[in-house]
Asks: 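The structure is given below, and queries will be raised subsequently.
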Amino acid sequence: MVNSNQESDKFETISIESKIREGVFHKVVKNIETGKAVSCSCKCWSKGNKPCYGMKTIGYES
């Protein structure tokens, strides 16, 4: 995938299945340089700014 946006080179999106809800996937954004999760599509993160199971699986920047 070719992208002129250099930010895309620093981050990748990883789908991690929810531990609680089968078939539901968290879209975790990971910083490639640090290897840590920086955000997620789930309500825990987007509404409450709390790291979810998917983010904790990867490790996250607090």
Side-chain angles (χ1 to χ4, degrees):
M1 175 168 60
V2 177
N3 193 335
S4 60
N5 183 358
Q6 291 183 335
E7 285 294 306
S8 65
D9 295 340
K10 295 179 184 166
F11 299 98
E12 69 175 322
T13 302
I14 301 166
S15 291
I16 297 177
E17 189 168 13
S18 172
K19 195 165 85 169
I20 300 162
R21 294 167 59 202
E22 200 173 313
V24 174
F25 288 85
H26 293 251
K27 304 244 184 310
V28 181
V29 178
K30 175 179 144 187
N31 182 327
I32 294 170
E33 291 174 6
T34 65
K36 303 283 186 182
V38 292
S39 70
C40 186
S41 61
C42 72
K43 286 182 184 172
C44 293
W45 185 256
S46 61
K47 302 274 189 250
N49 224 23
K50 293 185 178 114
C52 63
Y53 167 75
M55 291 177 76
K56 289 177 184 174
T57 300
I58 295 170
Y60 64 94
E61 296 175 356
S62 52

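In this chain, numbering begins with 1 at the start of the sequence shown.
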Asks: If I compare all heavy atoms of Ile58 with all of Ala37, which pair ends up nearest, and what's the gap?
Replies: CG2-N, 4.0 Å
Asks: Write down the atom of Phe11, the atom of Asn31, and the distance for their closest heavy-atom approach.
Replies: CD2-CA, 3.7 Å
Asks: Taking all heavy atoms of Phe25 and all of Ser41, pick out the closest pair and write down the distance.
Replies: O-OG, 4.4 Å
Asks: Provide the full list of salt bridge (charged side-chain N to carboxylate O under 4.0 Å, His left out) pairs with a residue in residues 29-42, sequence neighbours left out, each pair given once.
Replies: Glu12-Lys30
Asks: How close do Ile32 and Asp9 get, counting heavy atoms only, and between which atoms?
Replies: CD1-O, 3.6 Å
Asks: Could you list all the salt bridge (charged side-chain N to carboxylate O under 4.0 Å, His left out) pairs where at least one residue sits in residues 16-26, not counting sequence neighbours?
Replies: none
Asks: Does Thr34 have any side-chain hydrogen bond (donor to acceptor under 3.5 Å, both in side chains) partners at least two apart in sequence or in another chain, and if so, which?
Replies: Glu61
Asks: Compare every heavy atom of Pro51 with every heavy atom of Trp45, then report the nearest pair and how far apart it is.
Replies: CE3-N, 3.9 Å
Asks: State the OH-SG distance between Tyr60 and Cys52, to the nearest 0.5 angstrom.
Replies: 10.0 Å
Asks: Is there any salt bridge (charged side-chain N to carboxylate O under 4.0 Å, His left out) pair reaching into residues 40-56, and which pairs are they, with sequence neighbours excluded?
Replies: none
